[in-house]
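All remarks here apply to the structure that follows.
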Amino acid sequence: MKVTVIAVGKIKEKYLKDAIAEYSKRLGKYCKLEIIETVDEKTPDNASEAEEELVRTKEAQRILKHIRPDAYVVTLEIEGEQMASEQFAEKIRRLGVQGISHVVFVIGGSIGLGREVRARSDLALSFSKMTFPHQLMRAILLEQVYRGFRIINGEPYHK
(Lines give C-alpha, C1' and ligand atoms only; values in the text may rest on other atoms or scores of the structure.)
Protein backbone atom coordinates (compact mmCIF):
# COMPACT_ATOMS: atom_id res chain seq x y z
CA MET A 1 0.00 0.00 0.00
CA LYS A 2 1.17 3.52 -0.73
CA VAL A 3 0.54 6.13 1.95
CA THR A 4 0.91 9.79 1.10
CA VAL A 5 0.76 12.62 3.61
CA ILE A 6 0.05 16.01 2.10
CA ALA A 7 0.68 18.74 4.63
CA VAL A 8 0.52 22.50 4.37
CA GLY A 9 3.70 24.18 5.57
CA LYS A 10 7.21 23.14 6.47
CA ILE A 11 8.41 21.60 9.71
CA LYS A 12 10.83 23.95 11.43
CA GLU A 13 11.36 22.32 14.83
CA LYS A 14 14.14 19.72 15.04
CA TYR A 15 12.29 17.51 17.52
CA LEU A 16 9.34 17.21 15.12
CA LYS A 17 11.65 16.53 12.16
CA ASP A 18 13.30 13.78 14.22
CA ALA A 19 9.97 12.19 15.17
CA ILE A 20 8.73 12.32 11.57
CA ALA A 21 11.99 10.79 10.32
CA GLU A 22 11.78 7.99 12.89
CA TYR A 23 8.20 7.02 12.06
CA SER A 24 8.89 7.36 8.34
CA LYS A 25 11.75 4.87 8.73
CA ARG A 26 9.58 2.47 10.77
CA LEU A 27 6.75 2.67 8.23
CA GLY A 28 9.10 1.55 5.45
CA LYS A 29 8.52 -2.03 6.63
CA TYR A 30 4.76 -1.78 5.98
CA CYS A 31 4.09 0.67 3.15
CA LYS A 32 5.59 3.03 0.63
CA LEU A 33 5.43 6.43 2.35
CA GLU A 34 5.52 9.78 0.62
CA ILE A 35 5.33 13.14 2.40
CA ILE A 36 4.44 16.19 0.33
CA GLU A 37 4.71 19.68 1.80
CA THR A 38 2.76 22.45 0.13
CA VAL A 39 3.35 26.15 0.66
CA ASP A 40 1.28 27.76 3.40
CA GLU A 41 -0.39 31.01 2.48
CA LYS A 42 0.25 33.99 4.76
CA THR A 43 -2.92 34.86 6.67
CA PRO A 44 -3.22 38.59 7.45
CA ASP A 45 -3.59 39.56 11.12
CA ASN A 46 -7.26 40.06 12.00
CA ALA A 47 -8.25 38.50 8.68
CA SER A 48 -11.90 38.63 7.72
CA GLU A 49 -13.78 35.41 6.95
CA ALA A 50 -13.53 36.26 3.24
CA GLU A 51 -9.74 36.66 3.51
CA GLU A 52 -9.43 33.37 5.42
CA GLU A 53 -11.56 31.64 2.79
CA LEU A 54 -9.25 32.94 0.08
CA VAL A 55 -6.23 31.55 1.96
CA ARG A 56 -7.93 28.15 2.34
CA THR A 57 -8.85 28.14 -1.37
CA LYS A 58 -5.27 28.86 -2.47
CA GLU A 59 -3.93 26.15 -0.15
CA ALA A 60 -6.63 23.74 -1.40
CA GLN A 61 -5.56 24.25 -5.01
CA ARG A 62 -1.99 23.33 -4.08
CA ILE A 63 -3.15 20.24 -2.18
CA LEU A 64 -5.50 18.97 -4.90
CA LYS A 65 -2.71 19.04 -7.51
CA HIS A 66 -1.11 16.12 -5.65
CA ILE A 67 -4.18 13.87 -5.31
CA ARG A 68 -4.69 11.23 -7.98
CA PRO A 69 -8.28 10.35 -8.93
CA ASP A 70 -7.96 6.75 -7.68
CA ALA A 71 -6.63 7.70 -4.22
CA TYR A 72 -8.65 7.24 -1.03
CA VAL A 73 -8.47 10.63 0.71
CA VAL A 74 -8.56 11.08 4.48
CA THR A 75 -8.72 14.67 5.69
CA LEU A 76 -7.80 15.52 9.26
CA GLU A 77 -10.59 17.70 10.63
CA ILE A 78 -11.66 18.61 14.16
CA GLU A 79 -15.27 17.78 13.27
CA GLY A 80 -14.34 14.46 11.64
CA GLU A 81 -15.03 10.94 12.86
CA GLN A 82 -13.10 9.82 15.91
CA MET A 83 -11.91 6.24 16.23
CA ALA A 84 -9.81 4.12 18.53
CA SER A 85 -6.45 2.92 17.21
CA GLU A 86 -7.90 -0.55 16.63
CA GLN A 87 -10.75 0.89 14.56
CA PHE A 88 -8.28 2.97 12.56
CA ALA A 89 -6.18 -0.14 11.91
CA GLU A 90 -9.28 -2.04 10.79
CA LYS A 91 -10.17 0.80 8.42
CA ILE A 92 -6.72 0.64 6.82
CA ARG A 93 -6.94 -3.17 6.61
CA ARG A 94 -10.38 -3.05 4.96
CA LEU A 95 -9.19 -0.50 2.41
CA GLY A 96 -6.42 -2.89 1.40
CA VAL A 97 -8.87 -5.80 1.13
CA GLN A 98 -11.13 -3.63 -1.04
CA GLY A 99 -8.24 -3.08 -3.44
CA ILE A 100 -7.43 0.48 -2.41
CA SER A 101 -3.70 0.75 -3.01
CA HIS A 102 -3.17 4.45 -2.30
CA VAL A 103 -4.33 6.31 0.81
CA VAL A 104 -3.73 10.05 1.03
CA PHE A 105 -3.89 11.85 4.37
CA VAL A 106 -4.32 15.63 4.21
CA ILE A 107 -3.29 18.01 6.99
CA GLY A 108 -4.42 21.57 6.39
CA GLY A 109 -2.81 24.82 7.40
CA SER A 110 -3.31 26.84 10.54
CA ILE A 111 -6.85 27.96 9.59
CA GLY A 112 -8.05 24.60 8.29
CA LEU A 113 -8.88 23.01 4.96
CA GLY A 114 -10.58 24.58 1.98
CA ARG A 115 -14.03 23.34 1.02
CA GLU A 116 -12.65 21.92 -2.25
CA VAL A 117 -10.39 19.52 -0.32
CA ARG A 118 -13.14 18.62 2.14
CA ALA A 119 -15.42 17.84 -0.83
CA ARG A 120 -12.77 15.46 -2.25
CA SER A 121 -12.38 13.67 1.08
CA ASP A 122 -13.56 10.06 1.44
CA LEU A 123 -13.19 10.18 5.23
CA ALA A 124 -12.96 13.16 7.59
CA LEU A 125 -10.94 11.96 10.58
CA SER A 126 -10.52 13.68 13.93
CA PHE A 127 -7.82 12.76 16.41
CA SER A 128 -9.43 14.87 19.14
CA LYS A 129 -11.80 17.73 19.77
CA MET A 130 -8.69 19.60 20.88
CA THR A 131 -6.74 21.72 18.42
CA PHE A 132 -3.14 20.71 17.70
CA PRO A 133 -0.51 22.61 15.74
CA HIS A 134 -0.61 21.28 12.18
CA GLN A 135 3.14 20.56 12.31
CA LEU A 136 2.68 18.34 15.39
CA MET A 137 -0.23 16.54 13.70
CA ARG A 138 2.16 15.18 11.09
CA ALA A 139 4.13 13.30 13.77
CA ILE A 140 0.95 12.14 15.52
CA LEU A 141 -0.54 10.91 12.24
CA LEU A 142 2.57 8.95 11.29
CA GLU A 143 2.68 7.35 14.74
CA GLN A 144 -0.95 6.26 14.40
CA VAL A 145 -0.44 4.89 10.89
CA TYR A 146 2.58 2.95 12.19
CA ARG A 147 0.54 1.68 15.15
CA GLY A 148 -2.25 0.70 12.76
CA PHE A 149 0.07 -1.44 10.63
CA ARG A 150 1.47 -3.10 13.78
CA ILE A 151 -2.08 -3.94 14.90
CA ILE A 152 -2.97 -5.28 11.42
CA ASN A 153 0.09 -7.53 11.50
CA GLY A 154 -0.61 -8.82 15.02
CA GLU A 155 2.57 -7.25 16.34
CA PRO A 156 2.89 -5.83 19.85
CA TYR A 157 2.15 -2.17 20.39
CA HIS A 158 1.84 0.04 23.43
CA LYS A 159 -1.76 0.26 24.71
Side-chain angles (χ1 to χ4, degrees), residues 1-41 43 56 59-60 62-68 70-114 117-159:
M1 176 177 281
K2 180 176 181 183
V3 173
T4 300
V5 176
I6 301 173
V8 174
K10 294 205 174 294
I11 300 293
K12 296 171 187 74
E13 297 83 358
K14 183 183 179 331
Y15 73 96
L16 290 174
K17 287 181 181 179
D18 290 347
I20 289 163
E22 177 63 26
Y23 284 109
S24 296
K25 183 177 81 175
R26 290 182 187 189
L27 278 165
K29 176 180 175 183
Y30 303 102
C31 66
K32 182 178 180 334
L33 177 66
E34 175 184 34
I35 298 175
I36 298 169
E37 293 179 336
T38 64
V39 176
D40 54 342
E41 196 69 27
T43 306
R56 285 189 291 268
E59 290 177 348
R62 292 182 190 126
I63 290 167
L64 290 170
K65 284 192 320 191
H66 297 285
I67 299 176
R68 292 190 355 219
D70 63 336
Y72 185 90
V73 178
V74 179
T75 48
L76 274 55
E77 303 181 44
I78 290 174
E79 298 303 321
E81 179 183 346
Q82 291 187 5
M83 24 178 111
S85 295
E86 294 82 4
Q87 291 171 298
F88 182 62
E90 178 60 16
K91 179 68 175 175
I92 293 170
R93 187 194 70 74
R94 272 189 277 124
L95 289 172
V97 169
Q98 294 167 355
I100 304 292
S101 61
H102 189 191
V103 179
V104 175
F105 292 92
V106 181
I107 302 171
S110 58
I111 59 170
L113 290 167
V117 175
R118 292 192 321 268
R120 174 61 181 88
S121 178
D122 296 297
L123 171 66
L125 181 64
S126 173
F127 280 67
S128 173
K129 292 292 181 193
M130 293 180 175
T131 302
F132 296 103
H134 57 285
Q135 296 92 344
L136 178 59
M137 274 312 302
R138 200 177 312 180
I140 293 170
L141 170 64
L142 290 176
E143 188 281 333
Q144 284 298 303
V145 172
Y146 171 70
R147 182 181 298 262
F149 279 113
R150 297 220 18 124
I151 292 168
I152 290 166
N153 288 286
E155 298 169 352
Y157 67 96
H158 182 72
K159 292 185 181 181

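These figures come from a predicted structure and were not determined experimentally. Numbers here are sequence positions counted from 1.
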What distance do [X] atom [atom1] and [Y] atom [atom2] have between them, rounded to the nearest 0.5 Å?
{"X": "Ile35", "Y": "Ser24", "atom1": "CD1", "atom2": "OG", "result": "3.5 Å"}
{"X": "Asp18", "Y": "Ile11", "atom1": "CG", "atom2": "CD1", "result": "11.5 Å"}
{"X": "Thr43", "Y": "Ile111", "atom1": "OG1", "atom2": "CD1", "result": "4.0 Å"}
{"X": "His134", "Y": "Ile140", "atom1": "NE2", "atom2": "CD1", "result": "13.0 Å"}
{"X": "Ile6", "Y": "Thr38", "atom1": "CD1", "atom2": "OG1", "result": "8.0 Å"}
{"X": "Ile92", "Y": "Ile100", "atom1": "CD1", "atom2": "CD1", "result": "13.0 Å"}

Report yes or no: does [X] contribute a side-chain atom to a donor-acceptor pair with the main-chain N or O of [Y] at less than 3.5 Å?
{"X": "Ser121", "Y": "Leu123", "answer": "yes"}
{"X": "Asp40", "Y": "Val8", "answer": "no"}
{"X": "Arg118", "Y": "Leu113", "answer": "yes"}
{"X": "Thr4", "Y": "Val104", "answer": "no"}
{"X": "Arg120", "Y": "Leu64", "answer": "no"}

Could you check whether the rings of Phe149 and Tyr30 sit parallel, tilted or perpendicular, using 30° and 60° as the cut-offs?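 Phe149 vs Tyr30 ring planes: parallel.
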Run the salt-bridge test on Arg26 and Glu22 with the 4.0 Å N-O cut-off and return the result as yes or no.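 Salt bridge: yes.
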Should Glu59 and Arg56 count as an ion pair when the cut-off is N to O under 4.0 Å?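 A salt bridge is absent here (no side-chain N lies under 4.0 Å from a carboxylate O).
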Side chains of [X] and [Y]: closer than 4.5 Å at any heavy-atom pair?
{"X": "Leu16", "Y": "Arg138", "value": "no"}
{"X": "Val3", "Y": "Leu27", "value": "no"}
{"X": "Phe105", "Y": "Val145", "value": "yes"}

Tell me whether Lys129 at atom NZ has more than 12 heavy atoms from other residues, nucleotides or ligands lying less than 6.0 Å away.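 Yes, the 6.0 Å shell around NZ holds more than 12 heavy atoms from other groups.
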Got more than 12 heavy atoms from elsewhere within 6.0 Å of NZ, Lys2?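 Count over threshold, so yes.
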Using the rule given for salt bridge (Lys or Arg N to Asp or Glu O under 4.0 Å), can you reason through Glu37 versus Arg62, listing the C-alpha separation, both sets of side-chain angles and the distance that settles it, and then say yes or no? CA-CA 10 Å; Glu37 293 179 336; Arg62 292 182 190 126; over 6 Å; no
ring-ring contact (aromatic ring centres under 6.0 Å, His included) with Phe127: which residues, sequence neighbours excluded?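 Per chain and number, Phe127 pairs via ring-ring contact (aromatic ring centres under 6.0 Å, His included) with no residue.
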Starting from the C-alpha separation in whole Å, work towards a yes-or-no answer on salt bridge (Lys or Arg N to Asp or Glu O under 4.0 Å) for Lys17 and Glu13. CA-CA 6 Å; Lys17 287 181 181 179; Glu13 297 83 358; over 6 Å; no
Are Ser126 and Glu79 close enough that a side-chain donor and a side-chain acceptor fall under 3.5 Å?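 There is no such pair (donor and acceptor under 3.5 Å, judged by atom type) between the side chains of Ser126 and Glu79.
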Assess the residue pair Thr75 and Leu125 against the criterion (side-chain contact (heavy atoms from CB on, under 4.5 Å)); give the C-alpha distance rounded to whole Å, side-chain angles, the decisive distance to 0.1 Å, and a yes or no. CA-CA 6 Å; Thr75 48; Leu125 181 64; over 6 Å; no
I'd like to check the salt bridge (Lys or Arg N to Asp or Glu O under 4.0 Å) partners of Lys29; sequence neighbours left out, ordered by chain and number.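 Listed in chain order: Glu155.
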Who are the salt bridge (Lys or Arg N to Asp or Glu O under 4.0 Å) partners of Lys65, not counting sequence neighbours?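 For Lys65 there are no salt bridge (Lys or Arg N to Asp or Glu O under 4.0 Å) partners, ignoring immediate neighbours.
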Distance to the ring centre below 6.0 angstrom and angle to the axis at most 45 degrees; does that hold for Arg150 and Tyr157?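 Judged by the rule (NZ or CZ under 6.0 Å from the ring centre, within 45° of its axis), Arg150 is not positioned above Tyr157.
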Would you mind telling me which of Met1, Gln98, Lys91 makes a side chain to side chain contact (heavy atoms under 4.5 Å, CB included) with Tyr72?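 For Tyr72, the side chain to side chain contact (heavy atoms under 4.5 Å, CB included) test succeeds with only one of Met1, Gln98, Lys91, which is Lys91.
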Which atom names give the shortest non-hydrogen contact between Ala89 and Gly148, and what distance separates them?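 Distance-wise, the nearest heavy atoms are CB-O, 3.5 Å.
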